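Heads up: numbering here begins at 1 and tracks the sequence. Atoms within each ligand, like the ligands themselves, are counted from 1 in listed order. What you are looking at is a predicted structure, and each value in this text was computed from that prediction instead of being measured.
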Amino acid sequence: MHFSKGHGTGNDFVIVEDVDGALDLSATQVADLCHRRFGIGADGVLRVVRAAKDPAGAAMAGDAEWFMDYRNSDGSIAEMCGNGVRVFTRYLVAHGLVSDLSDIPVATRAGVVHAVVEGDQIRVHMKSPSLYAAGTATTGPLTFPGVAVDCGNPHLVCQLHDGLALDSLDLHVAPGFDKTLFPSGVNVEFVVPAPALPEADLHVAMRVYERGSGETLSCGSGALAVGAVALRDAGLAMGTVAVDLPGGRLTVTHDSEDRWWLAGPAVLVATGELL
Ligand SMILES: N[C@@H](CCC[C@H](N)C(=O)O)C(=O)O
């Protein structure tokens, strides 16, 4: 099997092209591919398949030629992956699978999103985040109040207590959360304010513990959730939020009623053959 490897701000993926939907990737195969010692190593797998050729993509085939079949590194399926969409789009462009760089529709399990390629940056018009409940996360002895956000996939955005540094958190172990609020699990974001920047209305820094992958260097849908909470908390109906993650900076922009953008770099770094 031929594969590529890519990442968006350090959130890395094995990319497998399967245009005609011939590949039946099991959860175990995905976990083996993603294993950082015994496999290639990645936070997840992106299978590139024609929407019409995949049962989960077929209903969207009229709106998007390509379906992103995203899997977490433990083999579980997730509805959305914001960095995944951006790396998936980079792959489509690099392999001549799309031509109009100003609007690339990508079908996902959370619906069709639209990517725009601007040099090294790929910007995606995401599904609008929805803030819907209060929750809490625990790490060790610490409990943090948070906001549940639906970005197509579930998130819990927690502001750190005053003075607590992001790097003081131990995210080797999954944070605790309320399973009745998140019956299918949740991605947990921990956020602190960051110094003002001229190019953004707000600036924050975050770490994330992803459902199905553990702590990652970046999470695009997580950044979107964090951006939405930051704008709400600042009383801003619209605006731009710079979100710093351990792997780099993503930008979330809400510029009209139903339009939310996630932007950042996306790169391919390798290709190879699985033995
Ligand atoms: N890293 C991703 C999110 C991947 C899915 C997530 N772990 C889940 O299970 O919902 C991103 O960039 O959005």
Open item on the list: For ligand 1, which is the ligand I care about here, please tell me if S213 has any N or O atom under 3.5 Å from one of the ligand's N or O atoms.
Closed with: no
Task: Residue and atom name of the nearest protein heavy atom (relative to atom 4 (C) of ligand 1), distance in Å to one decimal - done: E210 OE1, 3.2 Å
Open item on the list: Quick check: G84 and ligand 1, any N/O pair under 3.5 Å apart?
Closed with: no
Open item on the list: Please confirm whether H155 approaches ligand 1 to less than 4.0 Å, judged on its heavy atoms.
Closed with: no
TODO: Could you tell me whether a side-chain N or O of H155 sits under 3.5 Å from a main-chain N or O of V186, the two making a donor and an acceptor?
DONE: no
TODO: List every atom of ligand 1 that sits less than 4.0 Å from any heavy atom of S221, numbering the atoms from 1 in the order shown and giving each element.
DONE: 3 (C), 11 (C), 12 (O), 13 (O)
TODO: For atom 6 (C) of ligand 1, grab the closest protein heavy atom and report residue, atom and distance to one decimal in Å.
DONE: N187 OD1, 3.2 Å
Open item on the list: Counting the benzene-type ring for Trp, do H161 and F144 have ring centres under 6.0 Å apart?
Closed with: yes
Open item on the list: Need the ligand 1 atom indices (1-based, order shown) with element for anything under 4.0 Å from a heavy-atom of N153.
Closed with: 5 (C), 6 (C), 8 (C), 10 (O)
Open item on the list: Tell me whether C219 reaches ligand 1 (any heavy atom closer than 4.0 angstrom to a ligand atom).
Closed with: yes
Open item on the list: Test your reading of the structure: does N83 have an N or O sitting under 3.5 Å from an N or O of ligand 1?
Closed with: yes
- [ ] Answer yes or no: does atom NE2 of H172 have more than 12 heavy-atom neighbours from other residues, nucleotides or ligands under 6.0 Å?
- [x] no
Open item on the list: Could you check whether atom CG of D100 has more than 12 heavy atoms from other residues, nucleotides or ligands sitting under 6.0 Å from it?
Closed with: yes
Task: Residue E257 excluded, over 12 heavy atoms near CD under 6.0 Å - done: no
Task: Geometric N/O contact G82 with ligand 1, under 3.5 angstrom - done: yes
Open item on the list: For atom 12 (O) of ligand 1, what's the nearest protein heavy-atom neighbour? Residue, atom name and distance, please.
Closed with: G220 N, 2.6 Å
Open item on the list: So for ligand 1, is N72 a polar contact partner (N or O within less than 3.5 Å, distance only)?
Closed with: yes
Open item on the list: Using a 4.0 Å cut-off to any heavy atom of A78, which atoms of ligand 1 qualify?
Closed with: 5 (C), 8 (C), 9 (O), 10 (O)
- [ ] Would you check if the side chain of R86 reaches a backbone N or O of G264 as a donor-acceptor pair within less than 3.5 Å?
- [x] yes
Task: E210 backbone acceptor or donor facing T216 side chain under 3.5 Å - done: no
TODO: Look only at the side chain of D69 and the backbone of R47, and say whether a donor-acceptor pair between them is shorter than 3.5 Å.
DONE: no
Open item on the list: Given the ring of F3, does K5 sit roughly above its face, with NZ or CZ under 6.0 Å from the centre of the six-membered ring and within 45° of the axis?
Closed with: no
Open item on the list: Using a 4.0 Å cutoff against the non-hydrogen atoms of M80, which atoms of ligand 1 qualify?
Closed with: 3 (C), 4 (C), 5 (C)
Task: Minimum-distance protein heavy atom relative to atom 2 (C) of ligand 1 - done: C81 SG, 3.0 Å
TODO: Count the heavy atoms belonging to other residues, nucleotides or ligands that lie under 6.0 Å from CG of D258, then report whether that count exceeds 12.
DONE: yes
